[in-house]
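First the structure, in the form of structure tokens, and then the observations on it.
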Amino acid sequence: MVDIVALGEPLIQFNSFTPGPLRFVNYFEKHIAGSELNFCIAVIRNHLTCGIIARVGNDEFGRNIIEYSRAQGIDTTHIKIDDSFTGIYFIQRGYPIPMKSELIYYRKGSAGSKLSPEDVDESYIKSSKLVHSTGITLAISDSAKDAVIKAFELARSRSFDTNIRPKLWSAEKAKETILGILRKYDIEVLITDPDDTKILLGITDPDEAYRKYKELGVNVLLYKLGARGAVAYHDGTKAFKEAYKVPVEDPTGAGDAMAGTFVSLYLQGKSIEYSLEHGIVASTLVITVRGDNEMTPTPEDADRFLNEFKT
Ligand code: ADP
Ligand code: CKP
Ligand code: MG
Ligand code: MG
């Protein structure tokens with residue numbers, strides 16, 4: 001029994017050791033990542049328990065993902081070993097846009113994409129407080145999408161990060177599928193941003209987005225604004241926090257660290273202001289390094305950060 005169950009594809013990340021076009025990069029640094037796995041690590045750092053329902057390949061990378069996840073405290077009992085290969089991706093950093101990264105996937109047909117409703121254990125879901133997933137899991141295969149639907153159907157409450165990846169599906173398909181999920185299930189916390197909201201609702205304004213998402217059954221909205229910060233809404237209350245100015249090594253994973261931190265603190269009864277402030281700290285630390293989850297802080301370490309930078 002865990003507090004939070006996430007469904008998604010853990011991946012092996014090869015992060016460029018130096019910035020620039022991949023053809024000029026000679027060294028890559030390996031990290032363990034994947035949006036839902038990053039989310040789980042943030043949940044655990046914030047003192048809740050978390051498990052991931054996933055498949056990895058019967059290969060060294062699959063074993064690496066399981067061992068790393070277990071070492072971080074994730075419940076790995078619902079990670080299945082599949083005969084396909086473990087998905088990987090490369091990160092190109094700082095080119096052609098400084099301080100931004102591009103993800104190059106080698107994951108089509110991967111073990112992770114074979115995730116299916118049969119992997120979703122009813123009692124595991126029913127005994128948890130919240131189920132989390134993202135648009136990435138909806139995009140990787142129909143069976144993975146059906147697994148999310150089964151888990152959402154059984155869930156006591158749900159959080160969802162839109163995370164639309166244009167390399168994995170078309171904007172039209174993303175819109176149809178994600179709006180279908182939002183219409184069907186009440187979402188306790190929706191994590192999204194202006195780019196995804198433009199695709200889903202044709203708008204970007206945060207207040208307008210909150211009104212529309214609320215009509216769709218969203219209770220709390222976490223609306224990320226990249227280098228500008230983020231805004232959170234609940235019950236007509238709005239909280240805005242500016243981002244911190246820090247050197248950006250690789251922004252990949254910032255949103256997941258923020259989402260996992262925010263959701264787990266909110267679930268522990270913290271206010272949206274507190275949860276947002278800590279979410280911002282987590283994302284700030286993550287962007288200063290390569291790797292998506294190593295820097296995600298505990299609330300105690302986030303408080304040390306906040307104490308140092310208080311204005
Ligand atoms: P995602 O990683 O899901 O695309 P964002 O890019 O919006 O999400 O980033 C999430 C959070 O990370 C932001 O709300 C902000 O706090 C922080 N962040 C992202 N990019 C920067 C940046 N360039 N400078 C400072 N903070 C940033
Ligand atoms: O939106 P974020 O930058 O927080 O997400 C990053 C993750 O799962 C990263 O780990 C990558 O593997 C992915 O998103 C993805 O499939 O794009
Ligand atoms: Mg981003
Ligand atoms: Mg994201």
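Every number for a ligand or one of its atoms is a count from 1 in the order of the listing.
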Checklist entry - What residues form a side chain to side chain donor-acceptor pair (under 3.5 Å) with Y106, not counting sequence neighbours? => result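 Residues passing side chain to side chain donor-acceptor pair (under 3.5 Å) with Y106: none at all.
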Considering [options], which one's heavy-atom position lies nearest to [atom]?
{"atom": "atom 15 (C) of ligand 1", "options": "A230, G229, G226, A254", "result": "G226"}
{"atom": "atom 16 (O) of ligand 2", "options": "R107, E9, K224", "result": "R107"}
{"atom": "atom 1 (O) of ligand 2", "options": "D193, N163, I287", "result": "N163"}

Which of the atoms in ligand 2, numbered in the order shown and given with their element, are less than 4.0 Å from a heavy-atom of [X]?
{"X": "D256", "value": "2 (P), 4 (O), 5 (O), 6 (C), 7 (C)"}
{"X": "I136", "value": "8 (O), 13 (C), 14 (O), 15 (C), 16 (O), 17 (O)"}
{"X": "A33", "value": "10 (O)"}
{"X": "G34", "value": "8 (O), 10 (O), 12 (O)"}

Side chain, backbone, both or neither: which part of [X] comes within less than 4.0 Å of ligand 2 when only heavy atoms are counted?
{"X": "D292", "result": "side chain"}
{"X": "N38", "result": "side chain"}
{"X": "A254", "result": "backbone"}

Item to check | Qualifying residue, where the test is side chain to side chain contact (heavy atoms under 4.5 Å, CB included) with D196 and the options are T204, I191, T162 | outcome: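 Only match with D196 under side chain to side chain contact (heavy atoms under 4.5 Å, CB included): T162.
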Checklist entry - Where on M99 is there a heavy atom closer than 4.0 Å to ligand 1, on the side chain, on the backbone, on both, or on neither? => result neither
Checklist entry - What do we get for I287 next to ligand 1 when only non-hydrogen atoms under 4.0 Å count, side chain, backbone, both or neither? => result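 The answer is the side chain of I287.
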Next on the checklist: Is the ring pair F39/H132 parallel, tilted or perpendicular, if the boundaries are 30 and 60 degrees?
Outcome noted: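 If you compare the ring of F39 with that of H132, the planes turn out parallel.
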Item to check | the Mg ion (ligand 4) to nearest N/O/S of N163 less than 2.8 Å | outcome: yes
Item to check | T284 heavy atom under 4.0 Å from ligand 1 | outcome: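 The answer is no: ligand 1 sits nowhere under 4.0 Å from a heavy atom of T284.
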Acceptor/donor pairs from residues 168-181 side chains to any protein atom, 3.5 angstrom cut, sequence neighbours excluded:
unit_1 : atom_1 : unit_2 : atom_2 : d
S170   : OG     : K173   : N      : 3.1
T177   : OG1    : K173   : O      : 2.7

N/O separation below 3.5 Å, [X] to ligand 2:
{"X": "R165", "value": "yes"}
{"X": "L103", "value": "no"}
{"X": "P251", "value": "no"}

Item to check | ring pair (Phe, Tyr, Trp, His ring centres under 6.0 Å) between F28 and F14, worked out | outcome: CA-CA 5 Å; F28 294 92; F14 290 98; 7.1 Å; no
Checklist entry - Of the options S141, S113, S35, S110, which is the one that meets E9 in a side-chain hydrogen bond (donor to acceptor under 3.5 Å, both in side chains)? => result S110
Item to check | Centroid-centroid distance, F160 to Y185, less than 6.0 Å | outcome: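 Judged by ring-centre distance (under 6.0 Å), F160 and Y185 do not meet the cut-off.
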